[in-house]
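Note on naming: letters A, B, ... go to the chains in the order of the sequence lines (proteins, then strands), and numbering restarts at 1 for each one.
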2 protein chains.
Amino acid sequence: MGPKTIERQTGVALWRQIADRIRVSISDGAYDATGMVPPEAVLAAEFGVNRHTVRSALAALAQEGIVRAMQGRGTLIERRDRINFPISKRTRFTPGIGDQARAVEGLLLDSAIEPADADIANHLRLEAGTPVMRLEALRKADGQAVSRSTSWFPLPRFEGIDAAYRKSGSITAAFAACGLGDYLRLRTEISAVHADPGDRDVLGLSPGAIVMIAKALNTDIDGVPVQYAVTRFPADRVQFTIEN
Amino acid sequence: MGPKTIERQTGVALWRQIADRIRVSISDGAYDATGMVPPEAVLAAEFGVNRHTVRSALAALAQEGIVRAMQGRGTLIERRDRINFPISKRTRFTPGIGDQARAVEGLLLDSAIEPADADIANHLRLEAGTPVMRLEALRKADGQAVSRSTSWFPLPRFEGIDAAYRKSGSITAAFAACGLGDYLRLRTEISAVHADPGDRDVLGLSPGAIVMIAKALNTDIDGVPVQYAVTRFPADRVQFTIEN
DNA sequence: GGAAATTTGTACGTATGTATC
DNA sequence: GGATACATACGTACAAATTTC
């Protein structure tokens, strides 16, 4: 691809720009031939910076557990996984990434019954102020956090879905426990922003990291909304695929 | 949403973190009631920083043309558009955003006949090394750059598609000129990364900006690949919608 | 119209972070 | 590691434009 130029005095430190570029290169498999990052001196020359600056970048990546520097040998790539998340009419989280990770868990972080604000009510086709169940969940694949979601469910239809999710770690299973056997993905909106401190904390991201946001509406087979969800995915670990 | 905390000594300047947060708030319509950004002193208190730091953030947004500060009055929001780009079996660029912008243009930046590398050949179901047409295009909506794409087309089927695209500014029209009346979107992959200097240059982005990358495969009605495209969209101007 | 309050613009000084050599 | 240069962030004070009462 393009030249490895970086820009100064932009509000983003050079070492961070370089760390972000190397992270993407690793993710793209650019260094798969050797399983190593090029030597610091080579990277410094490529980016046109001092070797100390490259060292700062690699130290940040080592902190994230992506590389490990070994004296006298070089800098080893520890992890280069990007999970693919398929989106379709039958979008489900766990089976969707099931064959890409050994262990998939869903953790209930928080839940509460709250009056629906105008936006949520509109999506779920309720009157504003109607009580809804809000559910915050964290999903992990092989121990790595891959998404952080906030969902809203209409009440009283899905009373107790929080307890069911806590037990099963799966939305599909929690729906089944509430008597909903099948559901469909009606619409998904995808955007991307910088991770906020909450994302960094919950998902274990570094500052300046990117999260992709999927806003999704699920309905039952009759087209009645059953869930509106806003899910935040770390962009360096996840990508989406839409099959038509 | 969450608290407006920001983090220090992370390689990303506070003013840039704050600029990014305000840009998203504007995009989300958080300030639509007044059409103004809150006063500098209020923002400074919210983010827990000095007023000068907020001023740096607003200066960056003013540079992007998103806000305009007016002495004694406040800081006016100039632009808060996020174009929605629908993805479906019949995904097309121009009609897809047609009702959201008055003028949509497609500019041919570059084109060349090249041997397909392994990745491109695999997507287009060709032998590696087979000549293909590579086409670089920039798309604008109301004068604002909204995407930068690189497409590959099999030859000799689409010989001259670059000239047809230059004339029409539309892939659909260029396909028609080559005798292809209809085509389907088979698969789309979506990821997000930091804008590289090329993106910033071509799309007019600020450093640290985010681009969403859509890798798309189009086929004719018989399922034969006709185009593989990698398109980069500025995340602060575009979102995707998938309707199932 | 005039005074006060609000809000952005400018200026100086100090401390710390970043990057080079 | 030390010296140097520049960017970042804070603190304070006051000027200039606009709104409010």
Output field: ring centroids F233(B)/F240(B) closer than 6.0 Å:
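When the ring centroids of F233(B) and F240(B) are compared, they turn out to be within the sub-6.0 Å range.
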Please state whether the phosphate of [N], meaning OP1 or OP2, lies under 4.0 angstrom from any side-chain nitrogen or oxygen of [X].
{"X": "R51(B)", "N": "dG11(D)", "value": "no"}
{"X": "T75(B)", "N": "dT8(C)", "value": "yes"}
{"X": "N50(B)", "N": "dA9(D)", "value": "no"}
{"X": "S56(B)", "N": "dT8(D)", "value": "no"}
{"X": "R55(B)", "N": "dG9(C)", "value": "yes"}

For the pair made of [atom1] in [X] and [atom2] in [N], what is the distance, rounded to whole Å?
{"X": "I18(B)", "N": "dT8(D)", "atom1": "CD1", "atom2": "C1'", "value": "12 Å"}
{"X": "Q17(B)", "N": "dT8(D)", "atom1": "CD", "atom2": "C1'", "value": "12 Å"}
{"X": "M70(B)", "N": "dA16(D)", "atom1": "CE", "atom2": "P", "value": "19 Å"}
{"X": "Q71(B)", "N": "dA15(D)", "atom1": "CD", "atom2": "P", "value": "13 Å"}
{"X": "W15(A)", "N": "dA7(D)", "atom1": "CH2", "atom2": "C1'", "value": "15 Å"}
{"X": "L14(B)", "N": "dT18(C)", "atom1": "CG", "atom2": "C1'", "value": "14 Å"}
{"X": "L76(B)", "N": "dT18(D)", "atom1": "CG", "atom2": "P", "value": "13 Å"}

E78(B) atom CD: more than 12 heavy-atom contacts under 6.0 Å
yes
Flag if over 12 foreign heavy atoms under 6.0 Å of CZ, R134(B):
yes
Is there a salt bridge (charged side-chain N to carboxylate O under 4.0 Å, His left out) between R21(B) and D196(A) once you walk through the steps?
CA-CA 8 Å; R21(B) 298 275 291 267; D196(A) 64 32; 5.9 Å; no
Would E64(B) and R23(B) pass as an ion pair if we require N to O under 4.0 Å?
yes
Which nucleotide in the set dT7(C), dA11(C), dA19(C) lies at the smallest distance from any side-chain heavy atom of P39(B)?
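Taking heavy atoms from C-beta onward, the closest nucleotide is dT7(C).
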Nearest to the R73(B) side chain among dA17(D), dT20(C), dT18(D), which nucleotide is it?
dT18(D)
Using only heavy-atom distances, decide whether a donor-acceptor pair under 3.5 angstrom links the side-chain of H52(A) to the base of dT18(C).
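In this structure, the two groups form no donor-acceptor pair.
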